[in-house]
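In what follows, a single structure is set out as structure tokens and then discussed.
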Amino acid sequence: MYTVEMLPEDPVKKHFRLNDIQLRGLKKLGLETMRDLLYHFPARYEEAGAETSITGLVAGVSVTVYGTIGKLEVRRSWKRKIPVGEAVITDATGSIKVMWFHQPYMAKKFSAGMYVKAVGVVSGKSGKPYLANPQVTAADPTEAGLFASPSSSKLKAKSYFPVYPESRGITSLWFRHALEKVFPIGRAQETIPDPIPKDIVDRYNLPDLKSALVYIHKPDERSHAEAARKRFAFEEIFAIQLARAQERAENNTQVSFPILEGERLAEKFQRSITFTPTSAQQRAIADILTDFEKPHPMARLLEGDVGSGKTYVAAATAYAVVQSRPPRRESGTLQVAYMAPTEILANQHFQSFIEYFKELPINIALITGSGCKKFPSKVVKDGATDISRAQLLKWIANGEIAMLVGTHALIQKSVKFQHLAYAIVDEQHRFGTRQRRALAHKGDAAPHFLSMTATPIPRTLSLTLYGDLDLSILDELPPGRAKITTTIVKPDGRAAAYEHVREQLKAGRQAFVICPRIEEPDPDKWNALQAKSAKAEAKRLAKDVFPEFKVGLLHGAVGAKEKDMVMSAFAAHKIDILVATSVVEVGINVPNATVMMIEGAERFGLAQLHQLRGRIMRSSYKPFCFLLTESKSEVSIKRLKALAETADGFKLAEADLEARGAGDLLGRKQWGVTDLGMKALKNVKLIRAARLEAQHLIEEDAKLSKYPALAARIASSRELHQE
Ligand code: ADP
Ligand code: MG
């Protein structure tokens, strides 16, 4: 019996004998300490396969067999020199070989002639089947199904076991055995302090940490495993919520430049614009202006479908800021920074702000990786001029630039503002928390902060992932937009779709053709062959399909200068059809482009497809979207149908979340949320409970000094979310 004390901080290798392959396997899984091991949760649980006699077993089937074990031996596989434990199990009908890869000691656990039960999956070619890494336990001959009554509870209890994320040499069986050693000794799972305060554990009927660790790895019943999973999901969401609530509390300790005459100034702006804001826009503007009056920086997320007019909201509120004086100053203005995710967009927004602010005597500048510009210009009437970076940095620092638009270049250390009062980030889900912070700490006073996103995020997700932000939603499009028609096009409908596009082009409209890939696929990768490449498609369309129209090409690998050229040419209608990869996903504003064909539509997420088609909904011309697919999968077609039938981005996002999970919606890596957490993000009740508790706790003890285990847990989850 193993008696050495196991502590949570102990390295795994201190307690288990591991060969090199297994050491690498553990490393790959990120398991260093005993604590890591305990927190490596099963991906699922499997019922043992049906009990069967040994003869005639076929590969791939899960089985439970009973018999006498023999021919126990340890050897190394002749090819890879892997240590293997072997045995043969024999029943009345035949025998089957058993192999324990990397776990030779299994062969020493039994002695020849013992009666055993083996649960596992049959491997090997036909004629030579074997059980790979089966779960083998000593059995009572009367236990075998052949003799026992079918309702024997003993059998049921034992036929349920965890399946783990594995790595070479570290199998589910290895985990089961490792934990079998850990649990009886206790210390490892019992000395980890429970991060969830006891009263919360009790309030929601959650198992405490000790029990949950045992339940999740060694459940006697399915309900135990479920209770444990619920607990760990709660723990994860709770930790994220706490981190957000802390950020929120910290934000409220900071001081900002108050903007007191916002309302009057924003009205002045609105009078200078020809259209009337929608009521959703008015609400959002009012939210922001109210925040501006508070002594603490605003932290707000503005969510709205493409074309709902977010930039207008940003402009109306930015206008109020660039028209306000810094405190105790006779001259100069407060400053605004606007960060866009790509150069194309930064350029486009620079132009929009010039347009929106043309009546104001202020300087607007652009900073990107490929250069800097300033408006107004002494040389170019009504236009912007290129200026040097050094010159621009000086003007930003001495406050002469009131409005700075840029890409990531905007958050570099060298960019210093004099009175940065308002920071706006477009498409914020593309920026990490760290980058957001970098922007927020550019001046003495913390700027008011507005994030804008066109990715419709279901409420449960935004409550968690953006829990530190207040929310304004633009749930209505400006009036006069024609309704979009979205059509699913199967291969036999392609020609007709092209004719439809041709009609629109003849009527003076422009079209996007979106392809899933840039280049022709590598012919060795057969599975990539289906996806159309933007390059080849542009050629084909120009030559064979639309010879009478001008076709342009845009994709992620094109240099910034060329991108700008192509975009401007498209905006100026020198190009009729723009073939592109999903780089056009965000924000490009070409109102005359009202037709879009999306090749390999089934490859995109619903939210992404919805964003893409938003590009063609920017005018009063009727937009047409064609989803081209060769997929025969019913699930794919059903998803595309949902897109064709609803125009509401939030509904689509909910549907995507339901069908594919939060991981697909957001990109798993970006958020550092585990699979368990991602699943929990669908659970509205759990999220609301976690949020409520987190808020209470932070109100009572913002630093969590009374809850050190919880503080530590958050520090580790924050690390994950920084990336
Ligand atoms: P978003 O950033 O949400 O995609 P924009 O702010 O770029 O949307 O607006 C899309 C287009 O609609 C722009 O051409 C803009 O001038 C126009 N627009 C915005 N708000 C209104 C409105 N209330 N009425 C009419 N047109 C509007
Ligand atoms: Mg926009």
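Quick caveat: nothing in here was measured; it's all calculated off a predicted structure. Just follow the structure's listing: the first ligand is 1, and inside any ligand the first atom is 1. We use all heavy atoms of the structure for the numbers below, so side chains are in, but hydrogens, waters and symmetry mates are not.
Here Arg481 has side-chain heavy atoms under 4.0 Å from ligand 1, and that is the only part of it that gets that close.
Put simply, the side chain of Thr290 gets close to the backbone of Ala286: a donor and an acceptor are under 3.5 Å apart.
Centroid-to-centroid, the aromatic rings of Phe269 and Tyr356 come within less than 6.0 Å. In this structure, Phe257 has its ring center no closer than 6.0 Å to that of His448.
Note on ligand 1: Pro277 sits in its first shell, one or more heavy atoms being nearer than 4.0 Å. In this structure, Glu303 falls outside the shell of residues with a heavy atom less than 4.0 angstrom from ligand 1. For the ligand labelled ligand 1, residue Leu474 lies outside the 4.0 Å heavy-atom shell. Distances shorter than 4.0 angstrom do not occur between any heavy atom of Gly304 and any atom of ligand 1. Remark: distances from the non-hydrogen atoms of Val313 to ligand 1 are all 4.0 Å or more.
For ligand 1, the polar-atom distance check against Phe275 finds no nitrogen or oxygen pair separated by under 3.5 Å. Here's the thing with Pro479: none of its N/O atoms is less than 3.5 angstrom from an N/O atom of ligand 1.
Side chains of Ser451 and Arg300: no donor on one and acceptor on the other come within 3.5 Å.
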